[in-house]
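Excluded from the calculations below are hydrogen atoms, water molecules and symmetry mates; all remaining heavy atoms, backbone and side chain alike, are included.
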Amino acid sequence: MSGLHDLPAWAALAIAFLLLLGSGLTLLGTIGLVRFKTFYERVHAPTLGTTGGAGAILIASMLCFSVLQSRPVLHELLITVFVTVTTPVTLMLLARAAIYRDRTEKADSVDTLVGDRGVNDGEHSARR
Amino acid sequence: MSTTILLWSLLASQLMLAAAMACAAYRILVGPRAQDRVLGVDAIYVCGMLLILTFGIRNGSMIYFEAALVIALLGFVSTAALAKFLMRGEVIE
Amino acid sequence: MADDTSLILMVGLPFAGSFLAAILPTNARNMAAGLAGAVALICLCLAIILYPAVAGDGAVHNRVEWIPSLDLNFTLRMDGFAWMFALLVSAIALLVVLYARYYMSPDDPVPRFFSFFLAFMGSMLGIVLSGNLILLVVFWEMTSIFSFLLIGYWHHNAGARDGARMALTITGIGGLGLLVGVLLIGHIVGSYDLDRVLSSGELIRSHPLYVPTLCFLLLGALTKSAQFPFHFWLPNAMAAPTPVSAFLHSATMVKAGVFLMARFWPVLAGTEEWFWIVGLAGMCSFLLGSYFAIFQQDIKGLLAYSTISHLGLITMLLSLGSSLGAVAAIFHMMNHATFKASLFMAAGIIDHETGTRDMRRLSGLFRVMPFTATLAMVASAAMAGVPLLNGFLSKEMFFAETIETHVNSILDTAAPYAAFVGSAFAVAYSVRFIHGTFFGPPPTNLPHEPHEPPFWMRFPILLLVLACLVVGIIPGLTIGPFLHTAVVSVLGAATPEYSLSVWHGFNLPLLMSLGAFVAGVIFFLCLKNYLATSEEGPPYLRKVNGQRIFERIMVAISWRWARLLEGYLGTRRLQPQLRLVVVVALIAATWPIWMQGLALKPPSLAGADPAFVGIWAIAIVCAVTAAWQAKFHRLVSLMLLGVAGLVTCITFLWLSAPDLAVTQLLVEVVTTVLILLGLRWLPKRSAEIVPDSVPLMAKVRRYRDFAMAIAVGGGAMLVSYAIMTRTQPATIADYFIEKAYSEGGGKNVVNVILVDFRGFDTFGEITVLGIVALTVFALLRRFRPAPDSIESPEQQRIQNAHDDAQPDRKVGDTISDYLLVPALIMQWLFPVIIVFAAYLFVRGHDLPGGGFAAGVAMASAFILQYMAAGTIWVEDRLRVLPVRWIGLGILLAAVVGSGSWVFGYPFLTSHSQYVELPLIGAVPAASATLFDFGVFSLVLGATSLMLIAIAHQSIRRLRSARAAAAAEEEAA
Amino acid sequence: MRRLLPYPLLTASLIVMWLLLNSFSLGHLILGTIIALVASLSMAALQPDKPRIRKWHKIPVLIGRVLVDIYHSNVAVAGLVLSGGRRERRPGFVVIPLTLRDRTGLAVLACIVTATPGTAWVEYHADNGRLLIHVLDLVDRDAWIETIQTRYEQLLREIFE
Amino acid sequence: MELVLSIGIGVLIGSGVWLLFRPRTYQVIIGLSLIAYGVNLFIFSMGRLKTAAPPVLTSGAVANPADFADPIPQALVLTAIVIGFATTALFLVVLLASRGLTGSDHVDGREPSQ
Amino acid sequence: MTWAEQLVIVPILLPVMTGAALLLIDERRHVLKAAVNVLSTIALALVAIALLDYANTPTETNTPVTSVYLLGNWPAPFGIVLVLDRLSALMLVLTAMLALAAVVYSLARWHRSGPHFHTLFQFLLMGVNGAFLTGDLFNLFVFFEVMLASSYGLVLHGSGQGRVKAGMHYVVVNLAASSLFLIGVAMIYGVTGTLNMADLALRIGAVPASDRMLLDAGAGILGIAFLVKAGMWPLGFWLPTAYNAAAAPVAALFAILSKVGVYVLLRLSPLLFGVEAGPSSGFGDSWLLVGGMATIAFGAIGVMASQAKGRLAGYYILVSSGTMLAAIGIANVSATAGALYYMVSSTLAISAFFLLIELIDRVQDPSAGVLAITLDAYGEDLEEEETEEEIGVAIPATLAILGLCFAACGLLLAGLPPLSGFIGKFAILTALLNPEGLTEGGNLSVAIWAFVVLLVLSGLAAMISLTRSGIQAFWAPIEGIVPRVLLMEIAPVAFLLALCVGLTIFGGPVMRYMDQTAQALHTPHTYIRNVMTAPRVPPPAAPTAQEATP
Ligand code: NA
Ligand code: NA
């Protein structure tokens, strides 16, 4: 754990803050994942990690290495971009799949699929 | 002092990320439906990626960056495949 | 011609002739017979020419080295005894060939017959002329094999097949026994050379292994000579063509057994064990054979049992351990050969001319074939031991010997009585044969109209009968010297005084002969009427059918028991096999640890990162749940597996293996997609179909498996913990770390190891990947989904139906809406991932990455396109030729590797250097980079090939449906 | 030139990406350019619709708005999670009629909507432009329609159409 | 660390082995994958554990091996990962073919007779 | 480096390059592919023979030839080495001979019954040859995997239910064994810190007592991996099924696969656990002996119990493997020599038998062969290749020739005289009974007696079973159906059998070779020394030139 000792205090503290912020947000997101009652609510949870959480930690990382190497280290930006672009793909596909599955099971219109009603009546086996 | 704080916050942050992974894993384990689990997988991948980043900071080394990059860029492929499988019963049509 | 060459010729010519006969056309009957006759004649002449040498020097040798280190040499050795047999074999062979020329039908593939015949003859000559015990075993087994072929010559006949098989089995078992016996002799004596063995009698008899040696050798001899209790194969071998019987069951095959006993007589005989085993077998055979012979209705059956009996006589003589007995035995071997050969031939003529050998149907043949009848009668008389015929002489000697006391025991006391009874039976069956065949009313209702056979068919019998007569009348002048040579060669210094003359005065043996003659005739007369209509086989004992017992035992052992045992000791199911593999490996690992103990550092979590502990807690729960859920909740299991994989990756990273983490992550992604692709073709499985109550046995099995899994897991844990906590020995890794940069030209040691230090491993490993991809491809080319998976997945059907039902939608709208945005993003990621792959590739040598990771990353770019837009869309736009990439990748790697040859270096010697490029600066230009590019190409090709091949199954179904529809349309 | 450089913006981004991944040097600029060209050319094989950006200057505005929204919604959702069951949430679906038809624009919108905690893109009908989103805390349905349409759709239409 | 990792290895291999004994092909493929993780980690652990010491040289100077994690197990694991991936794919296709031809996803190609 | 030294790698490179090049040829150009494959196999055979000749050259110091090839020019024990000695040369030649027969046979039609046959075939050769040549434990694993991967492909070649079912078991069991292999290698590395076999031999003796149990456990696990491949009871139940299911030329080539496991044990047992190994000396020998004997017994039972000739042949492989394993367990020079001879003979014979089976089955059902390929293989495949008319010359006197070949196979397999099967068995037997040499005598243990009895009885079982099936095939059919057999189908059988005849006739020189091989195996000093001191080709005069050898 060499390098870290070379960090100036301001950077160390900033990094520490960002790290705690980022991981805290991520944790909150996943707590939401646990706590929220329906799938459609849970869909929102991981984005906390991919936006706020990832953002903070990536900034921390950029800061850390830029200071350590005394040059701008920006490649974390790429992660930011990739995460921002790729996470929605999964979530979109997933949310739509969930809608489909609920519809075929309830034969209902979308608009009834609101709130706690109608979703997830504890079918315990994943289908195929 | 500041380094100590940083180290402690690194530790705390890693612990929080591990806890976040645990929460996501809980969703995978409990479900109740497949899409919830896929959501959990997606989240756990992100948490893993962040954990890797914190680990890089902790060691002051950029050598761990690729792994995070791989998750960021390609991690979604498997979850997207899972999601598509749920929707269509087939990943590639 | 040198004597030793003659020996080789005697053994070699028959085989050469056999080969020639085999390649003759099927109808070349005369040529084959001529060839066989010529070979036999030459052998006979060679034997005759060799006599002076044999009689003078004692033995002719010829030694050709074969496998000297095993003391197995092609040693031929002809002494008097061997000479006698060689003469007998070739002479009778000549006669049988002549006979067979007329006997064999033009419909039969005669050349094949003579081919087998000659080979058999060569083997028999080999037995008698072997000067090396192993060589003797070789020829011994060859006689078994060729007799098998000869007996089964008419294989369309089930009897022939069974007889042949039984003969082979029994004599084959005997042959193996002989082999073991000979090996033991070799162990005792220290050589397989016959001369050395023959001079080591004392050593052998006093050796602790004498009894087993004796038993094994006798197993060989007694089975071959059809001695009790192995006699039953011989009557069944009568299904052979008669020339075969005439040859095999007179002078050869069966004689090999007694030949062997006589050969080893000086070495093995004289002990109590020898006396009892050989004597008992001989006496039983002698009595049983003669008794059974009386009740046979088949002429050849009668002769077969008579053969058993006569060989029993010889065996008895040998058992006594007296040298006079041995002389008598040797003499009777010759006599029996002559009369039995002629009798078989006569039986064959009868069979040939009348179409039957059943004495119940035959009678009065004397009228139609007086000449043959006369010959047969003389030969039978010899068989019965009538004076003035050769059989009489040896039988007298036999009687004389049995009267003597050898080893004081019941067996010895019983010998003369047995001899008497057996001889009486012999008279009875001889009379029965003559009477039942040649006398009585004229034959009626025979398959053929009987008449005399051609002269040349009778001629061999004539010669043999003449020999019986001549030897019987003037033994001293005719056979005397030859017999003496033979006897001396066997007995050596122990040769006794004996006299060969018809008249020895009015003594007990003569009295016994007369008594036996009278008793035999009376016995026959008593049985005459009964025999005229009786069933085959002696009364009461008919049921005790050795053949049937043998068959039953054989079927039981070699078939039923074997199958049962195969079932008990083996399995064809996969799960037990896997359990066994695991258990055995567990034992193999536990054993040394158990024996030597295992010192462990006390477990402690000190120094463990809490986060690391945390993620492993997650991984453990997930792994266990994945295992638990894999049956019904496949997707869940797959996802949990993914979590375990992710934690594995992080662990690699945590513990300083970033390369592993990157690679594992990439593989993880591809594997998930792969399994998902596969899941589409698996049946639906849900918990509902499980019965509520699990049967007890299944529960027990589950607990057992659980216990095994825990044991294995615990073992792996212990061992890994033990090794991790021990200090590491000096490893070869140090060298790599030290030289990676200076000689390998890279900073990423792992990558330098992969592409340079141990590039050969990588070369092999990528080949594996390529091979598997090709296999996957090949297998999927023939893929046929299960009926319930052929349809589109349920989801697609519902969605398409939904689209179809809505007036404003058309089929496919759902999917296109679904993918509208995601597909776009996935498409735009295509070049991004390509650049990323290039990045992984380029930096690999110095930092984590490399050709493999780049290849997988690149492949995921393709997969993503397939996922986004479907197979057809992608393949309309991109020409994906993964097979080519695989081929090119391997070739490139190999060519780069062999480039070093040009400079005289070994394969894969890398050339690394930093090249100064204008504008760019120092660029690493290791040949290893090119090698890595081969890796990249292959990995890309292989990964895409596998995924695409599976993906193609979905559209193949569509295509075939479309093709079927088109065909239907065309038909309509 | 168009053959060689079918997607200049893409190529440029890829070069940037390369330089971000590797440290900046002339060598990497050249190597990155080559690789980016190759990647763009392979992209051309897929024949995607070529997005056209009409108003470049609006992009920073968009990014700014997104960042702000992400910040707000992060706080909001974090609060929601923290508050647990104490505060009542009213999650719900909202159907938003969109006039934006450009695929790239839609994709950006989708990313924005989904990446922002609290809203999720669920379903879009290409034929009638109806977008279904899910909102974690749906206080006012029309406000959401309004927000999406004015804050993002309009801007995106300006940029892409 | 050693303790945690060894427990992890044990659990992965143990769960995999349990699945290996199961009758359904899918269980077996998951089992094989779990075993592959376990075995890879096992191989890896044979080089002993070192944190923050990737065998990547920082400079061209002659390196001190004690400062780096053992690279050999890493190279071996890389090979093993590739081969494991290949065999997973192969087994997957074999099980698909078997399921297609026999109609059963039992490892013996037919449902056990009860 | 001399050409002879460079030649050592050719048995690996030639097949892999041929295999890769074949991938670049269009799938439909069967003839071209076949020609490339055949030519390459012939070249391989020539190379193998040249290497055998090289390995058999007497050296000045009268030590055995051990030619070491430093891959990448890295010194042992750091880089990977290939080692050519009498044993590996022998195995190479044996492989090449089987390959030659199998490839020619396959040209009659099998090569067209699935894609990439030729490539997989060549890759299999690469794997097998690599396994024989390598002197590195992990590299051995890699070549095992190459070999197994291609064997997976080949065992499934032609597809069909039977093959897929059997192939599944084959794949899973071997995957499990591969895991064991990895664990074993890893443990050995963890305890000794090396992967080079010769280096390992040097280090094993020095392993501290506190670590020895781990070394032994690792070696035990590794051994199980090899034993699974060798088919030792109770680890080899997959073998008869898989071999029976495989296409004829594939099964014929597979005859060598079970011998690879045996080879490795033969190589490693005396090398690593010889007298030098200290407390680990003789490790596993008694297990091998007992396991080998159990395998012989089980194989013999299976041979008798099998009706299908393919299964019979598969079980015979178990007998053969068991014999080898038990002979290795005996751990004495003359037994090893005998076992080597036996191995060559039985492998050739079993290979010929596998080829023959298909031809013989046509006697009973002339359409059997064709059906086997097409019946359930194609299904609704649209890409079905056009069924071409068979090419080649049908041979006259088919039945007689088939019968003769069957008889020869029978003799070889049952170990009956006069062919090499007998000599091999006799060589083992005489070595067993005279452990100190024929003239020395010596005491015999119960185990040796049991081995003798089992050897003899297994021959008997083979004889009984082969007689039964031979009679059924050739004598029982009433109507003499004369099957259509092509010259290129029977010629490989005849070729393999002719090799056995050659082994018989030239038994003396062959046995001498085996003796020397066994001698070198049991006194591995030369092997170890030559590997550890193999000189690097000096690097070109570069400033960073390192010393040639440490
Ligand atoms: Na969102
Ligand atoms: Na959102």
S.K.: Determine which residues belonging to residues 65-90 of chain A lie within contact range of chain C, meaning some heavy atom pair is under 4.5 Å apart, and list them by number or answer 'none'.
M.R.: A:Phe82, A:Val85, A:Thr86, A:Val89
S.K.: Chain C contacts: which residues in residues 49-62 of chain A have a non-hydrogen atom closer than 4.5 Å to it?
M.R.: none
S.K.: Under a 4.5 Å cut-off applied to non-hydrogen side-chain atoms, are A:Tyr100 and C:Ile798 in contact?
M.R.: yes
S.K.: How long is the gap from CD1 on C:Ile815 to CZ on A:Arg96, to the nearest 0.5 Å?
M.R.: 9.5 Å
S.K.: Could you check whether atom CH2 of C:Trp873 has more than 12 heavy atoms from other residues, nucleotides or ligands sitting under 6.0 Å from it?
M.R.: yes
S.K.: Can you tell me how far the CD1 atom of C:Ile825 sits from the CE atom of A:Met92, to the nearest 0.5 Å?
M.R.: 4.0 Å
